[in-house]
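Input: a single structure, listed below in structure tokens.
Quick note on labels: first sequence line is chain A, next is B, and so on, each numbered from 1. Treat the numbers as computed from the prediction; the structure is a model and nothing was measured.
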Amino acid sequence: MWLPHWPITRLSRNGSASPDRPLVTIEAIRGVRHLVAVGEAGEAQGLAPGQTLTAARAVCPALVPVDADPVADEAALGRLAAWCERYTPMVAPDPPDGLWLDITGCTAVFASEAELVGDLAARLERNGIPCRVAVGGTPGAAWALARAGEGATLTDLPITCLRLDAGVVTGLRRLGLRTVKDLVRIPRAQITARFGAMPVLRLDQALGEVEEAIDWPRPPIEWHERLAFAEPIGTPEDLARALARLAERLCVRLGEQDKGGQRFVARFFRVDEVVPGIAVSTALPVRDPAYLTKLLCEKLDTIDPGFGIEVIALEAEVVARLTAPQTQLMAGADASDGVAGVVDTLSNRLGADRVSRVAPYESHVPERSVRRVPPLPVKQPSWVNDPASPRPIRLLRRPEEIDVIAPIPDDPPIRFSWRGVAHRVRAAAGPERIASEWWLGKRTVRRPETDLIRDYYRVEDSDGARFWIFRAGLHGQERMPRWYLHGLFG
Amino acid sequence: MKEGERIGLLARPPPPSPLPQGEGEDHSVVPSVRYAELQVASAFSFLRGASSPEELAATASVLGLSAIGITDLNSVAGVVRMWDAAKEVGVRLVVGARLSFRDDTPDLLCYPRDRAAWGRLTRLLTVGKGRVPHGDTSEAAKATNRCFLHYADLLEHGEGQILLAVAPDRLDDSFRTNLQRLAADFRGWAFLAANRRYRGDDARRLRAMAELPLPMVATNDVLYHLPDRRPLQDVMTCIRLGCRIDQAGLALQPNAERYLKSPKEMERLFRSYPEAVLRTQDIVERCGFSLAELAYEYPDEPIPRGLTPDEHLANLTWQGAAIRYPDGIPPKVHDTIEKELRIIAQLNYAPYFLTVHDIVRYAVEEGILCQGRGSAANSAVCYCLHITAVDPAQINLLFERFVSSERREPPDIDVDFEHERREEVIQYIYKRYGRDRAGIAATVIHYRPKRAIREVGKVMGLSEDATAALSAQSWHAGEGLWSDDCLKEIGLDPTSFVVCRSIELARQLVGLPRHLSQHVGGFVLTRGRLDETVPIGRAAMDKRTFIEWDKDDIDRLGIMKVDVLALGMLTCIKKAFALLGIKNMAEVPTEDPAVYDMLCRGDSIGVFQVESRAQINMLPRLRPRVFYDLVIEVAIVRPGPIQGDMVHPYLRRRQGVEEVSLPSPAPEHGLANELEQVLGRTLGVPLFQEQAMRIAIDAAKFTPEEANQLRRSMATFRNAGTIHRFFEKMVEGMVARGYTRDFAERCFHQIEGFGTYGFPESHAASFALLVYVSAWLKCHHPAAFACALLNSQPMGFYAPAQIVRDAREHGVEVREIDVAASEWDCTLEDGALRLGFRLISGFSQEWAEQLQSSFPRKREPRAMIALDSPFRGNDGFAALVRIGLPRAALVLLAEADALRSLKLDRRAALWQVRGLSDMAELPLFAHQPIAIHHVPLPVMTKGEHVITDYQTAGLSLKSHPMRFLRALFTAEGVLSCAEAAVQTDGTRLSVAGVVLVRQRPGNGNVVFCTIEDETGIANVVVWSSLLERFRRAIMGSSLLLVTGRLQRSPEGIIHVIAERLHDRSAMMGRIAEATEVPSKPRSPGHPRQERIFPRSRDFH
């Protein structure tokens, strides 16, 4: 199977690609950026791999360049290979843009090879993956036919169909050997003497004179389990039972390799080809089937079974090492121990974005110097507060305006009243001048450098209570400065 | 504090004298206290300071600072500009640097007190710069501005310096210890720079500082002149750190306090420590050094005992004159020489001329061709000294116009050398003067719109394509740059905050310096040690050293500079001369009518400067007949005259269509012919930079100094305000004196055009000589000329294929590359041009030399083979193999079809070479017989041969690819270029050809394409209205079919104005009948894509 423009296909499936703005992948070779892959849309606009980005922009200014990522391309190819295992267990990726499928004896489900191929191609096409599939007696022949198109006979094909390095192809072409037929005519020893063993080997493999061993990947380590039903099912209870069985199986396999999953996806293959799904994430790797089932079932009510579900598949999408034998994360249905369990329950129930932890963040502006982050795992803060400019124990959510008597322009106040209580300042330190983060651009102020600055003071009143107050704005500007209380020291 | 008292600084009363305000400037602001800002990082602390020296100086003047210092990070790169700016606004400047050390020494502001101390500071920086390993890009190198200093260096060079220690964030014990050491080592001259940082702990911090062993001096650690610059400074920080603005976090300053503050404000901030403010003035008083003291002395040239430099120069000049004029010096020239020598003596310029003479003498002795140009170069003296070959009698330039006594500028002579041998001259200069007396000038790389928006956009988080689209717009000049309409055009929302802010910041960034680079060849030479005047750093290129100042700085200080430049055409001329046995340019007969006839036909491919499409079109219109016409030809196709709309008036006057009249002022304002001397020679139309500047002086009454400022402000892309001021002054000045507004405005626009690509008459004259010499070679020795051109590649406008084609059209016989006849370079064989191995892409010179020395050269290989058996077929091939070239070399030779003299055509040769086992290269097997295998390889068609020729050597002598497609095109009704050329004006026709050149000039309204077929070339004009529809064909195709209207100018120049364009690149495949199928994609490497033609040369 040949997947023309595979990198582009991969990229455009997640993002939005339009024919007017063709996506291309680029790579810098000695500082010059070149096009690596070009999609159909790009080809239509006259782009070609190998062009420099500058030249390509001259031809098509609207193009959208993305850095080439062969590793991701290959990973995606691996995932596609796993998906193809619905047709045959013998699937191997053929990087950079092909797949091998050994369908020998796999046609039982389908009436014929052609039907299998048709089904495969149609499904991929529906998913926005252009492909060309060809069946051949040998891998080499299939490879060539997939790329050369239908109705070709092997000997008429150009030598490019023999899976040879570009250098060898150029060398053969320079000798006038353009098609397989040309090559066959030449004594093999002479070819081998000139171009090494490869051309002859590939030729023989294509013609079936030499067996070709394809490197089928190891038995699937993909964390994937599926359950097919004789009759479509639909009740929530049935679905929950099925999920429990799948979770059991998956967790056993995870356990065998000391792994745990952090993101699980259950897919429900409906009879009408719609595939709704549930995804759950956990803060720490997990492989407790009961716990996993519980997380999944909490979301089961989002699944509309329609006319029934034929197949359920459960997959661990993110897998991490989990060596410590997991005794019991969730002791019972309603009791939990450990922060992780609570976090997961809350996250999956309330939504992952509703549960968070507060962590320091690099910003001079006090209320922006903390930030909500995923609750687990706990990481070391990237910075610590400067002891020269201490921060209060408690920062008010919203600074509260206060009345102040203070000498101008920037001396600390002498007295202030907050929430109706007057305080006399006994000692003060400051100001600490903090300007707004201009790049946020939320407010429109004529001179943000003076109007939006704050002067913070640490003050102690006559009772020994310490406050963090600030004056917003400077004297002598357009707006009168105002005073606020922003925090309390212990 | 105790320390301070002991040295008596505190006890000293404030100086009673009035402020040193400079040249009679009257300031309305009279500060209550005198304060000088001594800690200032200008934009020359690259990507740290956010204001230019000019902005800082101007603000200091407005605020009424008693003085301003400049302390850039381990550098004095900005001091000259600061000095100039401070003089301008009448502020006293103290120059220094901020020293940052590699050991735990705190940063120190270093202010030299006198000239000797300045020399020590620059030597200190030179030492530090020399210590950074070549190519070091470590954090340490970046943090110290590529200058590694240690405290020991300071001790060595510290005499006479005033040092201000910069306090780190935390005043720890190590800092205290360091201060004690400083106090002991620099008794009385070390201070502590104290500032209010607004970090909440200022009071406590200042109290702690007051306890430290050095007296406090108030500073504000300035990064910009106004608080409004904080965003730009933040962005610069991000550019420096390579992060986005929202990720920079605490690397940014928390507030905008680091601007220039008024004395009053500083007094308030330091009201508890008034002496810290007063001490600033004290330090200023103690720094007696000014850059004006850097009196420049010309290097000593060896002068015979008992002679003065003037006498020696005179002797050399008269000796040279005797050689130049063997039949006796014409009286007119005699007078000129005497007059020039008088001016040179009066201005003490003799050592300068002697220096240039020495460099040129070296080059001549070494057989390196050179040619001087520049204001002083086209003088009779330089002609006699062989600095230039332009006979002053021929062009009649006025020497004193360039070297005038009132403009106290050093004379300017640039010397071009053969580009392949310039390095020898450079190394000679280093050897002759020593590395401590010679250095290359710096070039300050300023932010231009393109780079500014790219870097700001990245920091602001604009998407890459938005940034790219904005930077692609950067050719819009001035106000039009990134206007709302432009933004809409590229699909950006002009009201979006990020877009707006990015553009605003990019605009601020434009014109600020980014980093220093080395000038292409401007050498600074001194009599004493150069590193005692300016720090010298190591250049990226090994064996070069360059100073921190650029050519404007050097100009301002009156330091001598000689430009040692590289010119490809000199290499070519030299190579042609060598083939023809000509010694120098003086041997070329002058004013040869045949040469001018050729140029008038526009037959100028390969000729220096006039081979571009625009020049080829201009030649038949200008019709050069004498040398001075070439001077004009060189200068006229340039942005200056074009923007000033001076080209057409000149052509009309020259053709006699328009009357020659001199623009003149109203009678009451001056003589009607006041511009006669300036414009007389160019028919009343200003074409050269000098003329435009002269008009500013004579007609708009600029002072020479103002004219210079005008020229400089044009060159630095900045200060839209200043340019506007000059515009007003010049135009209104001229209008007030009775000139027409139109003429005045055009003159100004012309100066604007010169700004970036100034082209003075004095340079044009020298270039014109090279135009003439190369045209003469092309006219009379086309084979040698083509040969030299090919051997000097890459240079010029055309690829080897066009050069060879042009040579053949001029009757030169060109012979194939052949293993038994070619050398690395192309050669001449009895008048025929034999192509060399250098044309085979990927072939190495080493292999060629091995072939030349071991494989017998035969002049006429084909004839020879029939008689001489060792070179027949198999044996010849065996002999070739035994030379022991690597197989890759043999493959390249075979692919280039260079084994024909061995009776092996390309495919057979390739088969043979491929068949060699690697063993054959070992000596043991060297004498084994090599069998020839005969296999049924497909016969190569001629088309395939031609295509493979192009692929391997970039050209084919066998045929032109278009010939194979001609039948197909004829069937479609497509004309050949030759047929098209004879059609009548306005005919609608189609032509097709291989795209040679694409050009999209600045304003983007049009794309010019040159296409070639087997009969000739056609120029295609594509207006922008068609661009979008046919973009793919225009920009992307290698074989282009154009349908359009023929346009014929009165001079017979032919263009096809395109109406439709088609990409026919696919037809290339038909030439060899190759079928293409997606090949097995590449393995990790990057095999070159197979392309048939050399890339078109595109100038977007």
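Using a 4.0 Å cut-off between charged side-chain N and carboxylate O, B:R268 and A:D410 make a salt bridge. Between A:R371 and B:D246 there is no salt bridge, since no side-chain nitrogen of the basic residue lies less than 4.0 Å from a carboxylate oxygen of the acidic one.
Contacts of B:A908 with chain A are absent, with no heavy-atom separation under 4.5 Å from either backbone or side chain. Proximity to chain A is absent for every atom of B:R197, based on heavy atoms less than 4.5 angstrom apart. Residue contact with chain A, scored on non-hydrogen atoms closer than 4.5 Å, is absent for B:S502. There is no contact between A:Y457 and chain B, counting heavy-atom distances below 4.5 Å. Residue B:A1033: no heavy atom, backbone or side chain, is found under 4.5 Å from chain A. Heavy atoms of B:R170 lying under 4.5 Å from chain A belong exclusively to its side chain.
Atom CD of A:E40 is surrounded by 12 or fewer heavy atoms from other residues, nucleotides or ligands within 6.0 Å. A:E74 CD: 12 or fewer foreign heavy atoms inside a 6.0 Å radius.
Because its NZ or CZ atom is both nearer than 6.0 Å to the ring centre of B:W911 and within 45° of the ring axis, A:R194 counts as a cation-pi partner of that residue.
Expressed to the nearest 0.5 Å, how far CG of B:N255 lies from CD1 of A:I434 amounts to 8.5 Å. Atom CZ of B:R199 is separated from atom OH of A:Y456 by 16.0 Å, given to the nearest 0.5 angstrom.
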| query | Does the pair B:D201 and A:R433 meet the rule for a salt bridge (Lys or Arg N to Asp or Glu O under 4.0 Å), with working shown? | reply | CA-CA 11 Å; B:D201 61 343; A:R433 185 161 290 179; over 6 Å; no
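In terms of heavy atoms, A:A435 sits closest to B:A256 at CB-N, 4.5 Å. Heavy atoms only, all atoms of each residue included: B:L252 and A:H364 are closest at O-NE2, 2.7 Å.
Per-residue heavy-atom pair counts under 4.5 Å with chain B were compared for A:A429, A:A56, A:P431, and the maximum is reached by A:P431. The residue among B:G249, B:P254, B:G200 with the most heavy atom pairs within less than 4.5 Å of chain A is B:P254.
Judged by distance alone, with hydrogens and angles left aside, the side-chain atoms of B:R907 form a donor-acceptor pair with the main-chain N or O of A:L175 at under 3.5 Å. Side-chain atoms of A:E362 come within 3.5 Å of backbone N or O of B:L250 as a donor-acceptor pair.
Looking at heavy atoms from C-beta onward, A:W439 lies out of side-chain contact with B:P231 at the 4.5 angstrom threshold. Looking only at side-chain heavy atoms (C-beta outward), B:R230 and A:W438 come within less than 4.5 Å of each other.
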